[in-house]
Amino acid sequence: MINITFPDGAVRSYEAGISGLDIAKSISEGLARKVLAASVDGEVWDATRPITKDAAVRFLTWDDVDGKKTFWHSSAHLMAEAVEALFPGVKFWVGPATENPAGFYYDMDLGDRKMTEEDLAALEKKMNELAKQNNAYVRKEVSKPEAIQYFTAKEDPYKLDLIGGLNDGDITFYTQGGFTDLCRGPHIPSTGLIKAVKLTNIAGAYWKGDEKNKQLTRVYGVSFPSQKELDAHLALLEEAKKRDHRKLGKELGIYTMDDDVGQGLIMWLPNGTVIIEELEKLAKETELEAGYKRVVTPHIAKESMYLTSGHLPYYADSMYPPMELDGEKYYLKSMNCPHHHKIFAAEPKSYRDLPFRIAEYGTVYRYEQSGELFGLMRVRCLHMNDAHIYCTKEQFNDEFRAVNDMYLKYFKIFGIEKYVMRLSLHSPEKLGIKYVNEPELWKETETMVRNVLIESGIPFVEVQDEAAFYGPKIDVQIYSVIGREFTLATNQVDFSQGRSFKLQYTAQDNKAETPLIIHRAPLGTHERFIGFLLEQYAGRFPVWLAPVQVKVLPISDKFQDYARSVELALKKAGIRAEVDDRNEKIGKKIRDTELMKVPYMLVIGEKEMNEGKVAVRRQGRGDLGVKSLEEFIAETAAEISERRAE
RNA sequence: GCCGUUGUAGCUCAGUGGUAGAGCACUUCCUUGGUAAGGAAGAGGUCGUGAGUUCAAUUCUCAUCAACGGCUCCA
């Protein structure tokens, strides 16, 4: 007999070799029907796997992340079985569950055959058929030679490659119906639990994520324990699409692009430009308070500067090619730092001048790969909320922390809550390739950055191989509505460029020292930040950011003169106002203004004109009643100057 | 850059081997209407671009450009 401890602390005895599923059955049939996997001493197991010794057991259902992931991973196997039935000879690589987007995929080599989206319906049908057979997922431990033999017979180089990296004793096969796969597991008890599947798209994916390797076919899908849940999921995706910044950006007249201008080159329309100017105003105020000085630098520079900075060897491919004049090569700048370093170097610096903080909304150009361009989030001309802080090692902690505090201040203003702070570290094996070869400095600065995060009490994740070539950084990761991850803001340490540019200051002991440099962009770029805000607010900008803050809607043209005087009074108070003077009924004017997500509407008719009042309507909320124009102006001006969220 | 999909009016989309349609937007007229679409008329497209097949191509084929879904990349 073995003792099983449950999450509530209860302990019960069972015969050794009992499965999690049978334990669940002993508690209730209803529970057993929902069990997808079992957590055994903290490890996720097949619910059907025998438990041979005392253990703490928790049942994983659809309500657990690990339950869902097991379900989706098993769905990937089910899809593979269907693919094998319809595309005989297919060879599989890996098929994991994914959280973002929710679901699973499987990478496969179809040989000479091609899969198109038309095949997906047939595959779904086959999957449903196979699911109805309710085949058990059967786990089998196999020896390494046995596994090699099996996949050699199948002429499957991919699984053989996987087996090569595994140790004898760690290798398991899973079989459901007629399909056997090398897999670590775990899996759900049987295919019958998968009641609804949707294969969403086909994509190419490089083998092992390396573009030098062959490109495999990746099929994405998602599955649920009921059709209802699948429908709800698909409806949610449809809803999300309505918040897509590319859709809203067009509808609200924020930005446009044009083939004749070029890929990834944004033209800001008047509405978008208002938002840019408000953001810049906020940044300039904030940076002024924080002791930054503003600078302005050119859009181009000679090759020699990018050789000095060390950018060219790393990024030549993603810079616009140089223009050659008078035997000199000039590049469009793809970062502002070298120019800023030159400003630091322009006058001799003493330790008394440090920290030296210079800020610029710098325009940079990056020749991003065409396939990477994505609305406003990934573009080729961007405006960075850039600044560089040159400081001593002793000052670093305070300076770096102040930058972090600046983020948090901004995030509060914008109501940004869903983000991940990422401590981006280097990879030691890529020193000298992707990262400057200074192992000690890497260690030292990474510790410094980590400590700042810990001291600030900010939750963060550490990720290797995400640092800049010149030092570690903190990235603020956000997700677009379609689930793509982006760095919104960044705060970076640079122990390298100061030396490359021979930047120096005179220390108290009269010795020349090299400053540390902080590169920071708490508001990222206008492009990405506004793209993010569009999605975050679903186009309903807070009043201070709204391109048009108040729309004045006369009931008929009899009241146009009064409407004009209201508009003028609003404008004089610094409020962005427009009159809707179209020959339309009030219902139509309201509808159109609602759709343009203008925060305030002032309905003007006979009564209002006679009494010098306005009837206020708030976008998305409806009629707020009548008040005097002065009162409305005072309230709205306050809402704007305080940058109120609602 | 790679794999796949798409490309018709300003926008959203239908359609066809015999040189194109809807709704909204736009223009004009009627209407002067009190909180999410008043009515009528009109104008607007060499069907992304180039080549090929054909008596004939927006439709079929190829190339190219761009957008979209991924992969890779992201200072």
Side-chain angles (χ1 to χ4, degrees), chain A residues 101 105 107 110 114-120 200-220 244 246-247 250-251 256-260 262-264 306 309-312 314-315 317-319 333-338 364 366-375 377-378 382 384 386 434 466-471 473 475 482-487 490 492 494 497 519 521 528 553-560 582-595 601-608 615-620 622-626:
Chain A
Y105 66 79
D107 284 352
L110 293 163
K114 254 189 4 191
M115 192 185 286
T116 68
E117 277 167 25
E118 285 161 27
D119 295 315
L120 295 182
T200 47
N201 56 39
I202 300 177
Y206 299 109
W207 183 43
K208 295 187 179 180
D210 186 335
E211 62 183 330
K212 288 195 260 320
N213 286 339
K214 180 172 183 174
Q215 196 160 51
L216 305 176
T217 301
R218 175 175 295 182
V219 181
Y220 283 88
D244 191 311
R246 292 165 298 181
K247 185 172 157 64
K250 183 176 274 180
E251 287 171 358
T256 190
M257 292 192 260
D258 189 282
D259 281 4
D260 275 340
Q263 273 188 291
Y306 297 111
S309 71
H311 283 93
L312 215 44
Y314 290 100
Y315 299 111
D317 285 349
S318 55
M319 291 175 79
K333 67 175 170 182
S334 59
M335 70 297 295
N336 301 302
C337 35
V364 302
R366 296 179 179 181
Y367 192 74
E368 303 283 8
Q369 295 183 30
S370 63
E372 253 316 316
L373 301 172
F374 177 69
M377 302 285 201
R378 197 76 185 272
L382 32 123
M384 290 183 77
D386 216 351
K434 192 176 165 186
E466 290 288 348
F469 74 84
Y470 45 65
K473 55 181 179 154
D475 293 316
I482 64 164
R484 224 184 275 188
E485 180 176 351
F486 288 97
T487 299
T490 186
Q492 317 178 343
D494 178 354
Q497 286 192 62
H519 304 235
R528 191 170 287 178
L553 311 178
I555 299 274
S556 79
D557 29 341
K558 278 190 261 173
F559 315 110
Q560 285 226 22
R582 294 176 305 163
N583 181 7
E584 293 289 351
K585 289 179 136 180
I586 193 67
K588 171 72 167 166
K589 292 182 182 181
I590 287 171
R591 176 181 160 78
D592 289 348
T593 312
E594 286 279 346
L595 291 176
M601 284 155 262
L602 299 182
V603 177
I604 302 290
E606 180 108 43
K607 259 188 329 202
E608 290 77 14
V616 183
R617 182 186 166 97
R618 181 78 208 236
Q619 199 272 344
D623 198 346
L624 299 184
V626 176

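What you see is a predicted model, and the numbers here were worked out from it, not measured in a lab. Only this structure's heavy atoms are used, side chains among them; waters, hydrogens and symmetry mates stay out. Here is the naming used below: chain letters follow the sequence lines, and residue numbers restart at 1 for every chain.
For A:R218, counting side-chain heavy atoms from C-beta on, the closest listed nucleotide (B:G33, B:C71, B:G34) is B:C71. Among B:G33, B:U35, B:G69, the nucleotide with an atom closest to any side-chain atom of A:A615 is B:U35. Of the candidate nucleotides B:G34, B:C71, B:G69, B:C71 has the atom nearest to the side chain of A:Y220. With distances taken from any side-chain atom of A:I586 to the nucleotides B:G69, B:A36, B:U35, the minimum falls on B:U35.
A:N213 meets the side chain to side chain contact (heavy atoms under 4.5 Å, CB included) test with A:W207, A:K208, A:D210; sequence neighbours excluded.
Contact of A:R617 with B:A36 (side chain to base): a donor-acceptor pair of N or O atoms is detected under 3.5 Å. Within 3.5 Å, a donor on the side chain of A:S318 pairs with an acceptor on the base of B:A75, or the reverse.
Distances shown here put every side-chain N or O of A:R528 at or beyond 4.0 Å from the OP1 or OP2 atom of B:C74. At B:G69, one or more side-chain N or O atoms of A:R246 fall inside 4.0 Å of OP1 or OP2 (strictly under the cut-off). The phosphate of B:U12 has neither OP1 nor OP2 within less than 4.0 Å of any side-chain N or O from A:K247. Within the structure, every side-chain polar atom (N or O) of A:R366 is placed at least 4.0 Å from both OP1 and OP2 of B:A75. Between A:K473 and B:A75 there is a side-chain N or O to OP1 or OP2 distance below 4.0 Å.
Ring geometry for A:H311 against A:Y470 counts as perpendicular: the plane angle is over 60°, on a 0 to 90° scale with 30° as the lower cut.
As rounded to the nearest Å, B:A20 and B:A63 have P atoms that lie 29 Å from one another. Rounded to whole Å, the separation between the P atoms of B:G18 and B:U59 comes to 11 Å. For the C1' atoms, the distance linking B:U58 with B:U6 amounts to 15 Å, nearest Å. Distance noted for atom C1' between B:G38 and B:G33: 8 Å (whole Å). Comparing the C1' positions of B:U8 and B:U19 gives an interatomic distance of 14 Å, to the nearest angstrom.
Comparing A:I555 and A:K588 by the nucleotide of RNA chain B whose heavy atom lies nearest to each, the residue mapping closer to the 5' end is A:K588. When each of A:Y315 and A:G587 is assigned the nucleotide of RNA chain B bearing its nearest heavy atom, the one mapping closer to the 5' terminus is A:G587.
With a 6.0 Å cutoff to the six-membered ring centre and a 45° limit on the axis angle, A:R528 does not count as a cation-pi contact of A:F486.
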Review point. Using a cut-off of 4.0 Å between protein heavy atoms and nucleotide atoms, how would you tag nucleotides 1-9 of chain B 5' to 3' with B, S and -?
Key: BBBSS----
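At a threshold of 4.0 angstrom between heavy atoms, the contacts of A:K214 with the nucleic acid are absent.
Salt bridge A:E594/A:R617: present, at least one basic N to carboxylate O contact under 4.0 Å.
RNA chain B forms stems at B:1-7 with B:65-71, B:10-13 with B:21-24, B:26-30 with B:38-42, B:48-52 with B:60-64, each a run of 3 or more consecutive Watson-Crick or G-U wobble pairs whose two key distances fall under 3.5 Å.
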